[in-house]
Amino acid sequence: MRTVTRLAGFAVGLAAVFGTTYGIGRVVDRAPVVEGRHDGDAAHATGEHDETTDRLPGGLLVSDRGHTLQPVDAPADEFAFRIAGPDGQPVTRYDVAHDKQMHLIVARRDLSGFRHVHPELAPDGTWRVDTPLAGAGQWRAFADFTPTGGEPLTLGVDVTVPGELTERPLPAPSTSTTVDGYTVTLAGSPQPGRTSPLTLTVSRGGQPVTDLEPYLGAYGHLVALRRGDLAYLHVHPDGAPGDGRTRPGPAVTFLAEVPSAGSYRLYLDFRHGGAVHTAEFTVVAGTPAAGTPAAEAPPTGGDPSGPAPTGGADHGTPGHGHN
Ligand SMILES: [Cu+2]
């Protein structure tokens with residue numbers, strides 16, 4: 001009986017999908033999604049909740065699940081925006097995630113200029129912050145937030161800052177970098193389609209830093225952006241301050257999920273000496289020699305920051321067949 005009811009609901013849902021999408025060229029896009037979710041919920045056919053976006057990395061859409069990122073006119077030294085909710089009105093209630101209601105990340109399309117800042121919310125739903133857009137360029141701004149009662153979202157929007165553009169090639173892959181007098185090394189290599197540990201180790205003056213300060217509820221905050229489309233990847237810290245096993249450095253481990261082979265830029269924010277520092281790395285996912293640091297086996301030939309050679313990507317990663 002229950003099965004019959006569910007099937008009936010499913011059929012109605014399918015009919016509604018074809019009824020509403022035929023003629024706008026989305027039948028092919030939507031039908032497999034409906035088949036994969038035979039829970040009989042006819043609401044899927046309304047178009048209000050587009051399941052196709054569930055598979056996308058964050059930050060690629062300016063509007064998702066009824067929420068839209070809307071930049072607001074602001075003085076040149078300020079960046080302002082709103083999140084319009086399903087009713088079209090600015091959202092004013094947000095949950096706290098990683099210590100904040102709103103995380104604003106910006107980077108140029110060439111992956112330079114990364115900043116991670118925390119705007120202030122005005123009662124009318126406008127978020128404002130001293131502009132993090134440091135100079136001319138094609139910028140991508142990401143709003144990472146959870147509307148109260150909703151799911152976590154990362155929306156992205158392009159912002160152009162006029163002026164003279166400077167060519168900034170993507171730095172070559174590396175497992176060590178320096179920032180503000182700190183040396184940060186990277187161990188681990190992201191593998192497409194599975195969770196990979198990435199461990200970043202901080203030292204200064206040749207000495208390990210063992211008193212990292214909590215920042216956003218962790219000893220580090222890692223953002224990864226994909227070269228080419230700036231897909232924004234969730235990278236979760238493995239452990240938290242005060243959990244009885246996570247130490248305040250020198251190593252901080254993250255669990256990264258990259259959706260594809262290719263080049264990514266990693267941005268590690270960590271706090272020490274009362275200031276936040278950002279260490280950046282270029283990594284190439286899908287290179288051979290799984291389990292060894294990428295720098296020990298750099299891709300051979302051609303542009304090191306381009307897509308990984310497909311022949312090499314399969315070599316050395318047996319058993320990784322699903323996607
Ligand atoms: Cu943040």
Side-chain angles (χ1 to χ4, degrees), residues 57-62 64 67 69-72 74 78-83 91-108 111-122 125-134 139-148 150-157 159 179-180 182 184 198 200 202 212-226 230-242 246 248-249 252-257 264-281:
L60 296 174
L61 302 176
V62 73
D64 191 11
H67 292 77
L69 171 55
Q70 298 177 332
V72 171
E78 189 178 280
F79 186 79
F81 62 98
R82 297 189 192 105
I83 305 297
V91 175
T92 57
R93 295 175 60 231
Y94 296 83
D95 291 346
V96 171
H98 301 291
D99 277 358
K100 299 288 180 180
Q101 290 186 313
M102 176 65 69
H103 303 266
L104 178 71
I105 281 85
V106 301
R108 286 191 188 83
L111 297 171
S112 69
F114 175 91
R115 288 284 308 282
H116 174 173
V117 296
H118 300 108
E120 296 284 330
L121 178 62
T126 303
W127 291 95
R128 298 178 191 281
V129 66
D130 291 345
T131 188
L133 306 177
W139 293 83
R140 188 75 172 168
F142 303 93
D144 183 340
F145 63 95
T146 303
T148 296
E151 300 169 71
L153 282 172
T154 303
L155 303 178
V157 68
V159 182
V179 57
D180 304 334
Y182 297 86
V184 183
L198 299 176
L200 295 117
V202 183
L212 290 174
E213 297 152 12
Y215 177 61
L216 303 176
Y219 288 122
H221 189 271
L222 187 64
V223 167
L225 299 178
R226 181 166 62 185
L230 275 69
Y232 175 99
L233 306 183
H234 292 276
V235 185
H236 305 284
D238 182 21
T246 304
V252 188
T253 297
F254 297 86
L255 300 173
E257 303 166 45
Y264 295 81
R265 190 74 168 158
L266 305 184
Y267 308 89
L268 171 71
D269 290 329
F270 63 96
R271 196 166 194 274
H272 190 253
V276 176
H277 315 279
T278 304
E280 303 188 15
F281 299 84

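In listed order, ligands and their atoms are each counted from 1. From a predicted model like this one, the values you see are computed outputs, not experimental measurements.
Among heteroatoms of the N, O or S kind in His103, ND1 lies nearest the Cu ion (ligand 1). Restricting His118 to its N, O or S atoms, the one at the least distance from the Cu ion (ligand 1) is NE2.
With 2.8 Å as the limit, His116 counts as an N, O or S neighbour of the Cu ion (ligand 1). Among the atoms of His98, no N, O or S atom is found under 2.8 Å from the Cu ion (ligand 1).
Taking the six-membered ring for Trp, Phe79 and Trp139 have ring centres at least 6.0 Å apart.
Applying the ring pair (Phe, Tyr, Trp, His ring centres under 6.0 Å) test between His221 and each of His277, His118, His98 identifies His98 as the sole match.
Remark: the His116 side chain and the Tyr267 side chain contain no N/O donor-acceptor pair separated by less than 3.5 Å.
In this structure, Gln101 contributes its side chain and Phe145 its backbone to no donor-acceptor pair below 3.5 Å.
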